[in-house]
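To start, the structure under review is shown below, and the notes come after it.
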Amino acid sequence: MRPAVDQVALATLRTVPELPEVESVRRQLAPELTGRRVVEVWWDPHPHARISGLEQAAGQVIRSVGRRGKFLLCPLDGPGFAGGIGASGARDAGLELVLHLGMTGALRLVDATEPTGAHERVGFDLDDGRRLAFNDPRRFGRASVVVAGRYLPDIPTLAVLGPEPLSPDFDPERFAAQLARTRAPVKARLLDQRLVAGVGNIYADESLWRARIHPASRRVGRSRALALHAAVRDVLAAAVEREGTTFRDYQLVNGASGRYLSELDVYGRGGLECRRCTATLRRIVLAQRGTTYCPSCQRI
DNA sequence: CCTGGTGCCTGGGTGC
DNA sequence: TGCACCCAGGCACCAG
């Protein structure tokens, strides 16, 4: 057993998990889950639960814990796995566990004897006597087992997910060209996951503020697009560095909070002073999302 | 294809 | 103290 981690909330997020929060959860889970065998799986029978294929996880070994955008990706190895070279000589198409925390999802490692939590939607009993519990009050999260890399039809967003913002795949010129091609508000483009993966409401507002771009802008020229590209990278990198944003009781394994909250410049600061120009930050609704920006230094 | 609008879901907050 | 709203928002889905 691992008493230092048992019973600890790995991610009781009040903040909606975006890339930095999911990456922080991934880093906590990876050493705990890698090499563990899933003994048994239980899941929520609710008709609207976004769950598929989980019966296939039983007996599988978790090979690693990865991430793409806001998705956690765990490649699985079957009981007889011996290197992945099948009779045909081609690499076997193994299975993959895909988790998305949605708005309120949280993952915990608990003792397997602990009763199912009130909002527990999925439980993976592991071969070390613990259970990976997926707690998700609003059922906006997702849990699926698919053939590795085959994300259609179950997970269409993952199938068309844009580049990882903190990798070289996120190319500034390509980003600028794609942004120039359509006329939706720039914030909507940041949120839709195809231009760049992992940006949600908080870090969209933060990035736009940093790049001095009005969230409702429908035309973003090359130089501003390049500034936005850099801002997205800088904001996400800084938030990962601080293990995400905690509003309430999101806790790390050691009990610490995500420390990006004090770094937020606009999100949650409507009516307060802009830290750059002292104008009053304004809160509007854009793309059906609460949006905060500085009317003085973010111009259309 | 592109875009905007609606529904899903429920804990927590507000106003009466 | 109780009750009826109403909001938060990632994503699926649909209509124009």
Side-chain angles (χ1 to χ4, degrees), chain A residues 9 11-23 25 43-52 67-73 98-107 117-122 134-144 146 151-162 165 177-208 215-220 232 236 239 244-250 261 264 266-271 283-293:
Chain A
T12 310
L13 287 166
R14 288 297 182 267
T15 305
V16 173
E18 303 181 30
L19 185 151
E21 291 74 28
V22 177
E23 176 60 18
V25 170
W43 62 89
D44 180 15
H46 191 283
H48 287 110
R50 293 167 186 175
I51 286 169
S52 62
R67 181 190 57 73
R68 273 284 281 132
K70 306 173 196 174
F71 291 88
L72 286 170
L73 305 177
V98 180
L99 299 172
H100 192 296
L101 301 178
M103 271 189 74
T104 56
L107 291 164
H119 303 295
E120 188 175 326
R121 309 305 182 195
V122 186
F134 186 11
N135 197 283
D136 184 20
R138 295 182 206 176
R139 292 194 177 89
F140 279 16
R142 161 170 288 287
S144 293
V146 300
Y151 302 130
L152 291 176
D154 285 349
I155 319 164
T157 304
L158 183 52
V160 298
L161 198 61
Q178 288 177 319
L179 213 45
R181 212 162 55 207
T182 59
R183 291 288 169 265
V186 60
K187 178 171 177 179
R189 300 306 315 282
L190 281 180
L191 293 176
D192 97 353
Q193 306 300 304
R194 287 176 294 185
L195 214 52
V196 57
V199 177
N201 206 34
I202 296 175
Y203 300 109
D205 280 6
E206 294 298 313
S207 300
L208 289 163
S217 293
R218 289 173 184 271
R219 291 172 185 272
V220 176
V232 166
L236 292 177
T245 301
T246 295
F247 281 144
R248 290 196 185 175
D249 53 355
Y250 162 57
L261 180 65
L264 295 178
V266 280
Y267 188 87
R269 297 192 67 241
R283 189 175 189 282
I284 61 173
V285 174
L286 179 66
Q288 290 74 242
R289 299 289 171 263
T291 299
T292 309
Y293 71 103

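Every chain is numbered from 1, with letters handed out A, B, ... down the list of sequences. Predicted model, so just to flag it, every value in this text is computed and none were measured. These numbers come from the heavy atoms of this one structure, side chains and all, not from hydrogens, waters or symmetry mates.
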Can you tell me if A:T157 touches the phosphate of C:dG10, counting only side-chain N or O atoms and a distance under 4.0 Å to OP1 or OP2?
no
Residue matched to B:dC2 through Watson-Crick or wobble contacts both under 3.5 angstrom
C:dG16
Taking 4.0 Å as the cut-off, does a side-chain nitrogen or oxygen of A:R218 come that near to OP1 or OP2 on B:dG4?
yes
Side-chain donor/acceptor of A:R138 to base of C:dA8, under 3.5 Å:
yes
Does A:H119 put a side-chain nitrogen or oxygen below 4.0 Å from OP1 or OP2 of B:dT10?
no
Pick one: which of A:L190, A:L208, A:L19 meets side-chain contact (heavy atoms from CB on, under 4.5 Å) with A:V232?
A:L190
A:L191 CG to B:dG5 C1', straight-line distance once rounded to whole Å
15 Å
Rounded to the nearest Å, what distance is computed from the CG atom of residue A:N201 to the C1' atom of nucleotide C:dG10?
10 Å
For the residue pair A:S52 and A:D154, confirm or rule out a side-chain donor-acceptor distance under 3.5 Å.
yes
Rounding to a whole Å, what distance do you find between A:L286:CG and B:dG5:P?
10 Å
A:H46 NE2 to B:dG7 C1', in whole Å, measures 14 Å
Pair A:T245, A:Y203: side-chain N/O donor-acceptor within cut-off below 3.5 Å
yes
Please report, rounded to the nearest Å, how far the P atom of C:dA12 is from the CD1 atom of A:I51.
15 Å
Determine: side-chain N/O of A:R283 to OP1/OP2 of C:dA8, distance under 4.0 Å, yes or no.
yes
Using a 4.0 Å heavy-atom cut-off, does A:R50 contact any base of the nucleic acid, only the sugar-phosphate backbone, or nothing at all?
base
Side chain of A:P137 - closest among C:dA8, B:dG11, C:dG10
B:dG11
Separation of A:D154 atom CG from C:dC11 atom P, in whole Å?
16 Å
What's the closest nucleotide to the side chain of A:A184 if the choices are C:dA8, B:dG11, B:dT3?
B:dT3
Note: A:G141 and A:F134 closest approach over all heavy atoms is CA-CZ, 4.2 Å
Examine B:dC1: is either OP1 or OP2 under 4.0 Å from a nitrogen or oxygen in the side chain of A:T182? Give yes or no.
no
Mind checking A:G141 for me? I need base, sugar-phosphate or nothing, with any heavy atom below 4.0 Å counting as a touch.
nothing
Specify the closest pair of heavy atoms between A:V160 and A:R194, including all atoms of both residues, with the distance to one decimal.
O-CG, 3.6 Å
Any base atoms under 4.0 Å from A:Q288, or only sugar-phosphate, or nothing? Heavy atoms, all strands.
base
A:K70 atom NZ is separated from C:dA12 atom P, nearest whole Å, by 11 Å
A:R289 or A:P185: which one's nearest nucleotide on DNA chain B is closer to the 5' end?
A:P185
Minimum heavy-atom separation for A:R138 and A:T104, please, with both atom names.
N-OG1, 3.3 Å
Starting at CZ of A:R189 and ending at C1' of B:dT3, how long is that distance when rounded to a whole Å?
10 Å
